[in-house]
Amino acid sequence: MSLLSGLKSLFTAAPSAPAKEEDPIVHNGFIIIPAPINEGGQHRVAATITKGEGEDQKVHKFIRSDLIGSRDECITITIKKAKMTIDQLGDRLFN
């Protein structure tokens, strides 16, 4: 490896691995599917929140700035924050 390519690798983010799909959680008629985003060994709080079925299904991509070291802890925090957001916003989440 040349000096330049070595320096470049220090400043280039590694591609994130595809996340495995987590089990959905139902909360007040909404479905939460945790989907932590791997970012350099840490995990960003993220999920997909849906409500309804078929043509009436509404989808919201839930992504927060929090970075957590442990994937399992990130999933726990994601579920907690998604439930809180649903409780606060309800259907306005999709506006």
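- Within 6.0 Å of CD in E53 there are 12 or fewer heavy atoms belonging to other residues, nucleotides or ligands.
- Of all the heavy atoms in T78 and A46, the pair that sits closest is CG2-O, 3.2 Å.
- Closest of all the heavy-atom pairs between P24 and I31 is CB-CG2, 3.6 Å.
- With sequence neighbours left out, the side-chain contact (heavy atoms from CB on, under 4.5 Å) criterion links K58 to F94.
- Rounding to the nearest 0.5 angstrom, the gap separating the CG atom in D72 from the CD1 atom in I77 is 11.0 Å.
- Side-chain atoms of P36 and I75, non-hydrogen and from C-beta on, do get closer than 4.5 Å to each other.
- Between S70 and T76 the shortest side-chain heavy-atom distance does not fall below 4.5 Å.
- With a 4.5 Å cut-off on side-chain heavy atoms, L93 and I49 count as touching.
- For the pair R71 and H43, the tightest heavy-atom approach, listed with the atom from each and the gap, is N-CD2, 3.4 Å.
- A heavy-atom distance below 4.5 Å is found between the side chains of I86 and I32.
- The side chain to side chain donor-acceptor pair (under 3.5 Å) analysis of residues 82-95, with sequence neighbours excluded, yields the pairs H27-D87, N28-D87, K51-D91.
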Residues 60-69 side chain polar contacts: donor-acceptor under 3.5 Å, at least two apart:
from	atom 1	to	atom 2	distance (Å)
K61	NZ	T48	OG1	3.3
D66	OD1	K81	NZ	3.3
D66	OD2	K81	NZ	2.9

